[in-house]
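These notes concern the structure reproduced below.
Proteins get letters first, then strands, A, B, ... in listed order; numbering begins at 1 in each. Note that the structure is predicted; figures quoted are calculated from it, not measured. What you see below is based on every heavy atom in this structure, not just the backbone, and it leaves out hydrogens, waters and symmetry mates.
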Number of protein chains: 2
Amino acid sequence: MARYQVGVQTEARIVEATRSLLAEGGTDATTLKAICDRAEVRSGSFYNLFRSKEDVIIRVIRESITAVDPDPDGAGTDTVDDLVDAYIRFFVEEPKMAKVYVMSALSGESSADSTRRRFLRHHMRRVERFGDAMQRSGSSLTPEVGAVQAELLLGALDGLAFRWALDQTFDFPKYALLAKERFN
Amino acid sequence: MARYQVGVQTEARIVEATRSLLAEGGTDATTLKAICDRAEVRSGSFYNLFRSKEDVIIRVIRESITAVDPDPDGAGTDTVDDLVDAYIRFFVEEPKMAKVYVMSALSGESSADSTRRRFLRHHMRRVERFGDAMQRSGSSLTPEVGAVQAELLLGALDGLAFRWALDQTFDFPKYALLAKERFN
DNA sequence: ACACAATTTGAGTATACACTCCAAGTTTGA
DNA sequence: TCAAACTTGGAGTGTATACTCAAATTGTGT
């Protein structure tokens with residue numbers, strides 16, 4: 001038989017609860033009890049929907065990493081402006097996901113290694129995409145130099161994101177745009 | 001009576017064990033058992049020297065934050081080159097501390113809030129110091145613009161540090177120098 | 001309305017954790 | 001050499017944690 005609607009909703013509540021907890025207090029604060037309390041669910045329901053606590057956490061982290069890079073099919077056509085704008089929008093419109101994104105790379109999760117590798121692959125793809133956009137923007141760069149420039153710009157953007165995660169009153173959009181001007 | 005030498009050495013072993021564990025696997029991997037095993041000490045000895053597990057962790061994190069900024073009395077005299085060189089040297093010469101430094105800002109520690117505030121204060125002081133150095137370097141900057149430039153350069157450096165923490169084969173010195181050049 | 005699968009409940013289990021305690025051993029200064 | 005202070009080992013405590021299970025309840029297609 002097909003899934004029940006109520007189950008789908010419960011799943012969504014659990015994912016959202018996990019995301020908030022991760023964003024607010026990291027993996028330490030994200031206990032099963034905390035998740036269940038916030039999602040208004042008992043542990044039995046949780047384990048009816050997820051194989052383990054790590055399952056939800058990994059799912060939330062993966063969703064965050066995916067959400068940074070919208071329109072993955074559009075690769076090869078967007079400009080540096082597009083990419084930086086998308087990054088800024090991600091932080092303004094999805095602050096919870098953004099915080100999870102920043103924290104996930106360095107989180108001391110027991111599944112840290114697989115998460116770290118995933119983040120690294122994601123970063124490589126981004127460097128490539130930024131590098132391509134930079135080459136297309138007119139200035140004649142070799143692919144190698146383009147990659148270095150992209151790593152620099154992305155490094156700067158990620159550093160400012162790091163700074164924002166530390167203190168969310170930090171004006172990330174303003175500095176991200178300045179970084180774009182300076183490192184492009 | 002003075003402290004016994006053997007106790008001082010045990011304390012040092014515990015601190016070092018905690019630092020390695022934090023650098024390798026974050027707070028999750030840094031259990032009391034793991035610390036004691038690595039330091040070759042039983043829990044009774046641990047609690048003879050430290051009030052709690054958090055005590056050592058906080059101490060290790062504070063030491064890392066302090067170590068980034070050598071010669072704090074020299075403030076007001078060093079150049080941007082000096083500051084960037086010191087940062088690079090920190091990563092090359094003290095990779096464990098450096099990794100703890102990067103991770104500490106966003107760690108999901110139960111004492112996360114006090115650690116985060118401490119890191120933020122540290123960052124503010126660094127921005128000020130970089131800003132001063134930039135103003136002194138010749139180009140006529142207002143203090144406000146100097147602070148913005150400093151935040152940008154530091155953001156870039158921290159982002160590259162972040163990148164290095166993710167994958168320690170990343171050539172941090174090379175990129176840190178490239179980032180610095182963009183501000184000359 | 002019925003059958004039956006999906007979902008929920010909540011008490012229960014096993015374990016890993018941080019931390020305590022104190023007797024026994026060791027180091028130190030006089 | 002002595003005694004006081006410090007250090008150590010290691011069994012033991014309480015608690016929070018992730019996870020299980022069987023019975024009860026609810027949702028859905030027919």
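Across the protein-nucleic acid pair, Lys53(B) atom NZ and dT20(C) atom P stand 14 Å apart, rounded to whole Å. Atom CZ in Arg13(A) sits roughly 11 Å away from atom C1' in dT8(C) (whole-Å rounding). Separating the CG atom of Leu32(B) from the P atom of dT15(C) is a distance of 20 Å, rounded to the nearest angstrom. One atom, CG of Leu49(A), and another, C1' of dA6(C), lie 10 Å apart when rounded to the nearest Å. Rounded to whole Å, atom P of dT20(D) lies 15 Å from atom CZ of Phe50(A). The distance between atom CG of Leu21(B) and atom P of dC17(C), rounded to the nearest whole Å, is 12 Å. Nucleotide dA18(D) holds its P atom 12 Å from the CG atom of Asp37(A), rounded to whole Å. Atom CZ of Arg42(B) is separated from atom P of dA11(D) by 11 Å (rounded to the nearest Å).
Base contact: Ser45(A) has a heavy atom under 4.0 Å from a base atom. Among the protein residues, Ser43(B) comes within range of the nucleic acid bases, having at least one heavy atom under 4.0 Å from a base atom. Looking at heavy-atom distances under 4.0 Å, Gly44(A) makes contact with a base.
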From CA spacing to verdict: side chain to side chain contact (heavy atoms under 4.5 Å, CB included), Met97(B), Val60(B): CA-CA 8 Å; Met97(B) 274 196 177; Val60(B) 167; over 6 Å; no

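Ring geometry for Phe119(B) against Phe162(A) counts as perpendicular: the plane angle is over 60°, on a 0 to 90° scale with 30° as the lower cut.
Defined by atom type and a distance below 3.5 Å, a donor-acceptor pair is missing between the side-chain atoms of Glu128(B) and His123(B).
Side-chain contact between Glu151(A) and Arg163(B) is present, with heavy atoms from C-beta onward closer than 4.5 Å.
The base of dA5(C) lies close enough to the side chain of Tyr4(A) for a donor and an acceptor atom to sit less than 3.5 Å apart.
For His122(B) and Tyr101(B), the gap between ring centers is short of 6.0 Å.
For Tyr47(B), whose side chain is taken as the heavy atoms from C-beta onward, the closest listed nucleotide among dA18(C), dT7(D), dT17(D) is dA18(C). When each of dT8(C), dG10(D), dA18(D) is scored by its nearest atom to the side-chain atoms of Asn48(A), the top-ranked nucleotide is dT8(C). Of the candidates dA18(C), dT17(D), dG10(C), dA18(C) carries the atom nearest the Thr31(B) side chain, counting heavy atoms from C-beta on.
Between Val6(B) and Arg51(B), the one whose closest nucleotide on DNA chain C sits nearer the 5' end is Arg51(B).
Distances shown here put a side-chain N or O of Arg3(A) below 4.0 Å from the OP1 or OP2 atom of dT7(C).
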